[in-house]
Amino acid sequence: MTSGAPTTPSSPTTPASDVRVRFAPSPTGMFHVGGARSALFNWAVAKRSGGTFVLRIEDTDAARNKPEWTQGILDALAALGMHSQDPTFEGPYFQSQNVELHAEAARRLSEAGRAYYCDCTREDVAARTGNPHSGYDGFCRDRGLAYEPGRALRFRTPDEGETQVVDLIRGNPVFPNDSIEDFVVARGDGSPVFLLANVVDDMDERITHVIRGEEHLPNTPKQQLLWEALGATPPVWAHLPVIVNEKRQKLSKRRDKVALEDYLADGILPEAMVNYLMLLGWAPGNDEEILPFEELVRRFDVADVNTASAFFDVKKLTAFNGEYIRAMGVEDFAAACDPWLHAPRAPWSEEQFDAAAFAAVAPLAQTRVALLSEITNNVDFLFLDEPVHDEQSWAKAMKPPAAELLPDARAALAELEAWEAEPLKETVTAVGEKHGLKLGKAQAPVRVAVTGRTVGLPLFESLEVLGRERTLARVDAAIARLADAAAGTPAE
RNA sequence: GCCCCUAUCGUCUAGUGGCCUAGGACGCCGCCCUCUCACGGCGGUAACGCGGGUUCAAAUCCCGCUGGGGGUACCA
């Protein structure tokens, strides 16, 4: 404020800062795209500020936690670029290893009179208030109950005043204290609940900014009260808008496709997913959207994140993925396709697969796939013994004069000297003209005979790679089928 | 019920009182390119929820309404 005071120099090298953010998932299922976005925003803040990203696994719900889910979280974060080899990354810590600290915090709260023991059941409370949703009525507040197994510890919330939360995204929401019930901080068996454990861990890990989903906003005044009661300065909060489905409900594991792994298995590139997720609720400005993560980070400020919920649009994600695929070098593209070129994802065997043939055709396929998984159908005709039988394609392409054209094409192809794309194209063009067809029409029966489909890679390059022998055999098979159909013996 | 958040094209968003006859992207439609399908190029479609204020001036500020969402557990 004072004029003349030295301002912070803007250094080209990011100075190490005290900013410590965290991502604290619980390992109760497949890793969620919503979680991925929260992690990414935290990661971006840490990167941007030169701070630290702490990963904490909240594994205290023994009944629902499974170790494989924890590994799933680690793998998913790593796939998106957040891994322990990066100096920004700290952890993972496990909440279950901090139970002593949680218990001590509960004890302090109790001893300081900030919390009290309660033996009411839900039914007791509901019977007294007449409303199952009205919250705890404070019945045990001044009964001076000592701890006994079965008695929960409740935090004594202030009766008056209000609690204001400092939130970078939402302004500073104010909650009337009389609307905050005396919530449970430790269960009847002494174990801490989320509200407490989460706060104690954040204090322990010296978290300065809590950036999480909007669904936690109602927890925030309670947690802030806990921070204060425990004698610490609350962090700065930032509540991200929720991600919703087409019905504008929060994405849920039950009804929506939310597992990051599923999208990767479809052939969404991690970079595309990162780019898309960063743009859900935030825009880098300048009318630009497709940007590398480093650039996104450079422009990112959590305070600029939107407040309204955002629809997870798979179509736009897919479009982004197409952009990323087309931007790759051909070799990288081919390498990325690899998992979809072999069993079990591909319907052909290792013996049938021909790497050289794929390499020849990869550049042609690159502009035609938006998901890597689509590569399989684009090149299957090269590796399968017979082309796929797509009956719709057959019906569309094998109308007259296909039955006459195909034998002519077969004959011309058999005599072609150079089995290369250009002469192949000239040959089919000539045959088509003989039947009064332009190339566009004339190529269709040949395409379906050889590849099984009306759509696909450029035909003549495909034939060149397939080879004369296999091409002719397939055309022969199609001619035979057409003849059978004409003779009244249905091929089907 | 109570508490809280929220509202620009179908969708993601730009917009911080005049640059807005509201910009970009996805989607959709048309044209061009073209051996199919894509890619690419060009063009089009389409929005400030409603009602009051404040102001010379409001998508932008205020209030109300309506709509949407989240939370309301001895889950996290």
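Chain letters run A, B, ... following the sequence lines, proteins first and then strands; every chain starts at 1.
In this structure B:C39 sits in the syn conformation; its chi angle is within 90° of 0.
The residue among A:Val242 and A:Thr28 whose nearest nucleotide of RNA chain B is located toward the 5' end is A:Val242.
The interatomic distance linking A:Gln95 (CD) with B:C75 (P) rounds to 13 Å, in whole Å. Whole-Å rounding puts the A:Tyr324 OH to B:C26 P distance at 14 Å. In this structure, the CG atom of A:Asp182 is 14 Å from the P atom of B:A73, given to the nearest Å. One atom, CH2 of A:Trp237, and another, P of B:G70, lie 22 Å apart when rounded to the nearest Å. The NZ-P distance, from A:Lys316 to B:C26, rounds to 7 Å in whole Å. The distance from atom OH of A:Tyr136 to atom P of B:G71 is 25 Å, rounded to the nearest whole Å. Atom CG in A:Asn378 sits roughly 12 Å away from atom C1' in B:U36 (whole-Å rounding). Rounded to whole angstrom, the span from the CZ atom of A:Arg170 across to the P atom of B:A7 amounts to 9 Å.
Across all strands shown, B:G18 pairs with B:C56; the Watson-Crick or G-U wobble distances both stay below 3.5 Å. If you check B:A7 for Watson-Crick or wobble pairing at under 3.5 angstrom, you find it paired to B:U66. Figure legend. B:C42 is base-paired to B:G30; pairs are counted as Watson-Crick or G-U wobble with both atom distances under 3.5 Å. If you check B:C2 for Watson-Crick or wobble pairing at under 3.5 angstrom, you find it paired to B:G71.
For the P atom pair drawn from B:G67 and B:C62, the interatomic distance equals 22 Å after rounding to whole Å. Remark: the separation of the C1' atoms in B:C28 and B:U45 is 8 Å, to the nearest Å. Only the C1' atoms considered, B:G23 is 29 Å distant from B:U66, to the nearest whole Å. B:C4 and B:G40: their C1' atoms are spaced 49 Å apart (whole Å). A distance of about 16 Å separates the C1' atoms of B:C48 and B:G10, rounded to the whole Å. The gap from the P atom of B:G52 to that of B:U60 amounts to 14 Å, rounded to the nearest Å. Annotation: B:C9 and B:C26 have their C1' atoms spaced 12 Å apart (nearest Å). Comparing the same atom, C1', in B:U13 and in B:C29 gives a spacing of 22 Å after rounding to whole Å.
The A:Asp61 side chain lies nearest to B:A76 when the options are B:A14, B:A76, B:C26. Of the candidate nucleotides B:U11, B:U72, B:C39, B:U11 has the atom nearest to the side chain of A:Arg248. Checking B:U13, B:G70, B:C5 against every side-chain atom of A:Glu214, the shortest atom distance belongs to B:C5.
A donor and an acceptor atom, one from each side chain of A:Asp256 and A:Asn245, are located under 3.5 Å apart. A:Arg368 and A:Asn377 share no donor-acceptor pair across their side chains, judged by distance under 3.5 Å alone. For the residue pair A:Ser191 and A:Arg187, a side-chain donor N or O sits within less than 3.5 Å of a side-chain acceptor on the partner. A:His209 and A:Asn42 share no side-chain donor-acceptor pair at under 3.5 Å.
Base engagement by A:Thr454 is indicated by at least one non-hydrogen atom pair under 4.0 Å involving a base atom. A:Pro241 comes within contact range of no nucleotide atom at all, as no heavy-atom separation falls under 4.0 Å. Among the protein residues, A:Val174 comes within range of the sugar-phosphate backbone only, with heavy atoms under 4.0 Å from sugar or phosphate atoms but none that close to a base. The residue A:His239 sits apart from the nucleic acid: no heavy atom pair falls under 4.0 Å. At the heavy-atom level, A:Asn286 lies nowhere under 4.0 Å from the strands shown. Base engagement by A:Gly456 is indicated by at least one non-hydrogen atom pair under 4.0 Å involving a base atom. Using a 4.0 Å heavy-atom criterion, one finds that A:Arg453 contacts no nucleic acid atom at all. Residue contacts shown for A:Glu289 include a base, since a base heavy atom lies under 4.0 Å away. In this structure, A:Ala319 reaches the sugar-phosphate backbone alone: every heavy-atom distance under 4.0 Å involves primed, P, OP1 or OP2 atoms, never a base.
Note: A:Asn321 CG to A:Glu323 CD = 10.0 Å, rounded to the nearest 0.5 Å. Atom-to-atom distance recorded for A:Asp124:CG and A:Thr121:OG1 is 3.0 Å, nearest 0.5 angstrom. Separation of atoms CG (A:Asp301) and CG (A:Leu168) is listed at 7.5 Å; rounding is to 0.5 Å. Taking CD of A:Gln71 as the reference point, atom CZ of A:Phe31 lies at 13.0 Å (rounded to 0.5 Å).
When the shell of 6.0 Å around NZ of A:Lys253 is examined, it contains more than 12 heavy atoms from other residues, nucleotides or ligands.
If you check residues 98-108 of chain A against RNA chain B, you find no residue with a heavy atom closer than 4.0 Å. For the segment residues 148-159 of chain A, the set of residues with a heavy atom within less than 4.0 Å of an atom of RNA chain B comprises A:Gly150, A:Ala152, A:Arg154, in numerical order.
Between A:Thr157 and the choices A:Asp178, A:Thr163, A:Asp182, A:Asn177, the side-chain hydrogen bond (donor to acceptor under 3.5 Å, both in side chains) rule is met once, by A:Asp182.
Contacts of A:Tyr147 classified as ring-ring contact (aromatic ring centres under 6.0 Å, His included), with partners at least two apart in sequence or in another chain: A:Tyr117.
At a threshold of 4.0 Å, the pair A:Asp201-A:Arg56 counts as salt-bridged, since one of the basic side-chain nitrogens sits closer than that to a carboxylate oxygen.
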Which donor-acceptor pairs under 3.5 Å do the side chains of residues 211-219 of chain A make with protein atoms, sequence neighbours left out?
from, atom 1, to, atom 2, distance (Å)
A:Arg212, NH1, A:Thr220, OG1, 3.3
A:Arg212, NH1, A:Gln223, OE1, 3.4
A:Arg212, NH1, A:His239, NE2, 3.2
A:Arg212, NH2, A:Gln223, OE1, 2.5
A:His216, ND1, A:Asn219, ND2, 3.2

Less than 3.5 Å apart, which donor and acceptor atoms pair up between the side chains of residues 268-282 of chain A and the rest of the protein, not counting sequence neighbours?
from, atom 1, to, atom 2, distance (Å)
A:Asn275, OD1, A:Leu291, N, 3.0
A:Asn275, OD1, A:Tyr324, OH, 2.5
A:Asn275, ND2, A:Glu289, O, 2.9
A:Tyr276, OH, A:Asp313, N, 2.7
A:Tyr276, OH, A:Asp313, O, 3.4

Using nucleotides 28-35 of chain B, report all nitrogen or oxygen pairs with the protein that are shorter than 3.5 Å.
from, atom 1, to, atom 2, distance (Å)
B:C35, OP1, A:Lys425, NZ, 2.8
B:C35, O2', A:Gln443, NE2, 3.3
B:C35, O2, A:Arg447, NH2, 3.4
B:C35, N3, A:Leu459, N, 3.4
B:C35, N4, A:Glu461, OE1, 2.9

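Counting distance only, with no hydrogens placed and no angle test, the side-chain atoms of A:Arg368 and the base atoms of B:C37 include a donor-acceptor pair under 3.5 Å.
Contact of the A:Leu230 side chain with the A:Leu196 side chain is registered, since non-hydrogen atoms from C-beta on lie closer than 4.5 Å.
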